[in-house]
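Notes follow once the structure below has been shown.
Lettering of chains follows the sequences in order, A, B, ..., and the numbering in each one begins at 1.
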Amino acid sequence: MTKSADSGQLKADGAPGGRESAPGLLSVAKTAGELYDSAADPLLANLNPEQRRAVLHEGSPLLILAGAGSGKTRVITQRIAWLVQRRGVDPERILAITFTNKAANEMKERVSSQIGLAARAAWVGTFHAMMLRILRRHSHLLGYDRSFSILDTVDQRRVLKEAMEKAKVSDKTVPIRQVQQQISSAKNKLIYPEEYAKEAGKDLQKQQLAEIYNYYQEELRQNNCLDFDDILALTVFLFEQQPQVLSYYQERFRHLLVDEYQDTNHAQYVLVRLLAAKHNNLFVVGDDDQSIYSFRGANLMNILDFRQDFPNCTVIRLEQNYRSTRTILAAANSVICLNEQRNHKTLWTEAEEGDKINFYRALDQNDEAVYVANQIRRLMSKSGAAMSGNEIGVLYRVNALARNLESALQDHGIAYRIYGGMRFYDRKEIKDIMAYLRLITEPSDDLALRRIINSPRRGIGATTLELLNQIAAREQQPLFEICRRAEEFPELSFAAGKIRLFVHLILDLQQVLSRDEIEFGFYVKQVTDDSGLKQEQTALLDKLPLEATTRIQNMDELVSDAMEFESRLTDELEELRQYPELQAEQEDLTMPLTLAQIAEAYLERVALYSDLDQADESDAVSLMTIHSAKGLEFDTVFLVGANEGLFPGEQSLYSREEIEEERRLAYVALTRAKRRLFITAARQRLLYGQTMYQKVSRFAREIPDDLVEEVGGSRHGDQFDADSVSIATWSRRSEDARYGAGYSFRRDFASADTAGGIAPGTSAGRRGTAFERTKNSLSRDEKRGLDYQQLAVGDLVRHERLGIGAIEKIVPFSGDAILVIRFKSGTKRFKASMSLLTRVED
DNA sequence: CCTGTTAATTTTTTT
DNA sequence: AATTAACAGG
């Protein structure tokens with residue numbers, strides 16, 4: 001399947017086409033940067049020689065091996081600015097790919113501040129977002145309708161389960177999770193069911209998988225759905241099958257920039273090769289030491305083999321670190337050095353030595369959390385040099401560790417924000433509403449229909465649904481079509497009335513959508529109301545007050561999120577209109593937006609974006625996994641849970657490759673810190689319902705002694721270092737403790753610890769969901785929000801980022817109100833109780 | 001057809 | 001520990 005990628009010939013001519021000759025400036029510089037007095041160019045002023053060489057590079061594919069904190073984002077943005085402003089490249093000929101939406105947003109913003117609104121015409125985004133954009137335009141060539149929907153992992157599991165039933169494979173013999181993983185990795189290698197079946201050969205297990213895979217893919221196709229991996233793989237197939245389409249994008253994207261190249265999987269690698277093949281203007285930035293996504297198919301070989309893949313390429317190393325102190329950098333270097341699979345780089349810095357790394361050996365997970373909270377409070381209240389919360393990041397290997405930290409921070413009154421975990425859009429109530437939107441915009445989406453036909457309860461249960469399924473299979477029509485014709489089928493007579501109500505609900509909502517008379521936010525509100533979802537929760541208020549309240553709040557939140565989304569979209573469009581020259585290629589944005597288009601755009605955003613992507617201005621300590629911290633930096637970093645079996649994880653202990661990946665993860669964690677680094681490990685830890693006894697992580701022990709200041713015990717030796725009893729590893733099996741005589745003494749030790757008067761940290765009771773608690777802690781500390789009843793049209797308010805604005809409109813709903821506010825920069829909408837606004841007295 | 005109960009399973013990391 | 005799936009009874 002790589003064949004066609006290879007057949008794309010790699011010409012070495014980087015010669016710019018006519019359209020690229022710069023206005024006035026330098027055709028000289030393209031052969032030799034020295035001929036041009038680059039030192040005087042303000043665009044290059046803040047770059048070191050290597051960075052400058054990278055920005056100016058021309059004529060061959062370029063690999064930049066950029067160590068952590070070496071200014072790679074700056075190099076990419078300056079490169080884009082350089083291309084546009086000095087080389088006269090049309091921004092719409094630039095495709096810049098990042099890995100997270102957050103990184104993409106940051107890049108867009110930085111580029112805009114350099115070159116202004118023209119940046120809008122460049123394509124900047126994640127692989128998934130960019131390829132999706134391409135797929136939407138050409139999906140009919142692959143047999144998908146333009147309005148296909150994207151399944152998330154949960155929906156995916158639903159479909160898989162059915163596929164397994166069809167293939168008569170019990171999910172007991174083969175866990176769904178594994179099937180999901182297998183299919184995903186096959187797709188990332190561009191292997192689709194047919195080929196998978198061929199490769200299976202006589203392997204019975206593989207044959208079964210192939211069958212499941214086949215059913216799964218069929219189901220997706222029938223429902224006009226793609227999963228995440230399809231987005232990449234189908235784009236590859238599109239390019240392979242439709243040379244004219246490929247050729248169009250090759251021509252269009254004369255300049256291709258890829259960030260975090262070390263995290264590309266095979267499909268992404270092929271995409272890069274295909275797109276760059278014609279003009280060869282490939283600009284790739286990566287750091288093999290920061291490759292941490294092999295579990296989702298990232299292939300480290302892509303960056304290690306770059307020289308072979310692009311024989312005439314140039315390699316530039318960025319080794320000067322601008323982020324961390326000497327101490328932190330030395331620690332990170334000494335850890336990563338122990339990996340064998342790497343391009344050798346040694347980061348250096350001119351920065352000062354800085355504080356030693358603080359290592360704390362905690363008693364248990366609560367003690368650990370309390371220690372972190374105390375340290376944070378100390379840092380934030382230091383007279384004269386008080387830090388603000390957003391300069392602090394708390395990082396951990398697995399999301400499960402966030403819980404203890406949460407309660408400790410709460411007890412200390414520290415505002416925090418948790419990233420990851422449950423996405424807002426993943427909540428049941430939200431997904432239900434999204435399923436309504438999907439069915440409304442795409443009536444053949446059976447998956448959406450099945451999700452909502454009985455949500456809220458309409459008395460259409462499994463029996464009826466089974467009947468519907470049978471008829472649909474017989475008639476070869478989507479479920480919704482069968483529902484519509486329910487009267488024609490006698491077997492449905494029992495449920496026909498209920499089905500008709502449902503069909504009318506959807507048809508009515510479709511009509512409202514196509515009439516296009518109300519704003520999108522209100523449309524979403526109408527969906528929540530008419531569907532009965534809201535009412536269902538209101539009815540539950542007496543029975544489950546806590547849950548129902550959150551759900552109602554979430555639905556309201558979704559309404560205002562939809563409003564904000566619309567206004568942001570319209571603002572963008574407005575800006576584009578002011579630059580007619582940008583419009584040529586933006587065909588999808590030149591028309592006035594209809595309600596249906598907004599709905600589709602919204603569904604798309606919800607599918608690809610996580611909460612992490614929203615830039616957050618509030619001043620709170622960040623809690624996140626190391627994975628999500630990549631690309632970020634904090635003045636002070638706490639790395640918690642530095643225990644063997646947790647980090648590195650238990651399942652990676654016996655594979656050298658996996659240990660190396662974990663070590664890279666450690667490297668990423670350490671290099672997030674600018675000035676101060678705290679590392680904590682617990683002697684014993686209650687996790688997943690079991691107490692385990694843990695050694696200090698090897699990564700903490702690999703840091704040279706002279707860089708570390710130890711508190712509460714040594715990093716070396718076992719967990720009971722006082723009497724140096726050697727216990728090889730912890731045990732997570734409770735029956736071990738019960739039955740194994742050899743284990744009983746562990747419990748004695750454990751109780752001795754607590755009986756010895758060392759009280760474990762206070763364990764706060766569980767209160768509500770993580771989401772809720774985050775919100776509470778913020779509102780308690782910040783007093784955000786306004787009471788709309790005390791506001792009037794014309795009042796002035798201040799927003800931290802947007803400045804002062806005037807209230808243009810107040811739209812009350814469900815005890816709150818949406819404020820429409822005109823700022824200098826444009827009109828924005830806020831939910832009054834949630835807004836970060838303060839009133840300005842005039 | 002729905003509800004409340006038990007039993008079982010889960011834990012890497014994310015677009 | 002906590003979420004989720006299966007299951008029996010109303």
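Looking at heavy-atom distances under 4.0 Å, Asp152(A) makes no contact with the nucleic acid at all. Looking at heavy-atom distances under 4.0 Å, Asp263(A) makes no contact with the nucleic acid at all. As judged by a 4.0 angstrom heavy-atom cut-off over every strand, Gly459(A) is placed among residues touching the sugar-phosphate backbone only. Within the 4.0 angstrom heavy-atom criterion, no nucleotide atom of any strand lies near Phe647(A). Looking at heavy-atom distances under 4.0 Å, Ser652(A) makes no contact with the nucleic acid at all.
One finds no side-chain N or O of Lys187(A) lying less than 4.0 angstrom from the OP1 or OP2 phosphate oxygen of dT15(B). Side-chain nitrogen and oxygen atoms of Thr625(A) include at least one within less than 4.0 Å of the OP1 or OP2 phosphate oxygen of dT14(B). Taking 4.0 angstrom as the limit, Asn101(A) places none of its side-chain polar atoms (N or O) nearer than this to OP1 or OP2 of dT15(B). Close to dT15(B), at under 4.0 Å from its OP1 or OP2, lies no side-chain N or O of Thr100(A).
Note: CZ (Arg157(A)) to P (dT14(B)) measures 14 Å, nearest angstrom. Between the CZ atom of Arg403(A) and the P atom of dA2(C) there is a distance of 7 Å, given to the nearest Å. Atom CD1 in Ile176(A) sits about 14 Å away from atom P in dT4(C), given to the nearest Å. One atom, OH of Tyr419(A), and another, C1' of dT15(B), lie 18 Å apart when rounded to the nearest Å. Between Arg458(A) atom CZ and dC2(B) atom P the separation is 11 Å, expressed in whole Å. Rounded to an integer number of Å, the gap from Tyr425(A) OH to dT14(B) P is 18 Å. Atom pair Glu661(A):CD and dT14(B):P shows a separation of 13 Å (rounding to whole Å applied). Going from atom CD of Gln651(A) over to atom P of dT11(B) covers 11 Å, rounded to whole Å.
Under the 4.0 Å criterion applied to side-chain N and carboxylate O atoms, Asp152(A) and Lys431(A) are assigned as salt-bridge partners. Looking at Glu660(A) and Arg342(A), no side-chain N of the basic residue comes within less than 4.0 Å of a carboxylate O on the acidic one, giving no salt bridge. Ionic pairing of Lys72(A) and Asp259(A) is present here: one or more N-O contacts between side-chain nitrogen and carboxylate oxygen are shorter than 4.0 angstrom. The pair Glu429(A)-Arg551(A) meets the salt-bridge criterion, with a side-chain N (NZ, NE, NH1 or NH2) lying under 4.0 Å from an Asp/Glu carboxylate O.
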Show me the protein contacts with nucleotides 8-10 of chain C, counting only N or O atoms at under 3.5 Å.
none

Using a cutoff of under 3.5 Å, can you pull out all pairs of nitrogen or oxygen atoms linking the protein to nucleotides 4-8 of chain B, with atom names and distances?
from, atom 1, to, atom 2, distance (Å)
dG4(B), OP1, Lys543(A), NZ, 3.4

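Tested against Phe148(A) for a side-chain contact (heavy atoms from CB on, under 4.5 Å), the candidates Ile231(A), Leu226(A), Asp445(A), Leu142(A) yield a single pass: Leu226(A).
Listed by chain and number, the residues in a ring pair (Phe, Tyr, Trp, His ring centres under 6.0 Å) with Tyr213(A) are Tyr196(A) (sequence neighbours excluded).
Going from atom CD of Gln341(A) over to atom CD of Glu661(A) covers 11.5 Å, rounded to the nearest 0.5 Å.
Judged by ring centres under 5.5 Å apart and planes tilted less than 30 degrees, Phe295(A) stacks against the six-membered base ring of dT13(B).
In terms of position on DNA chain B, the residue among Arg296(A) and Ile460(A) whose nearest nucleotide sits closer to the 5' end is Ile460(A).
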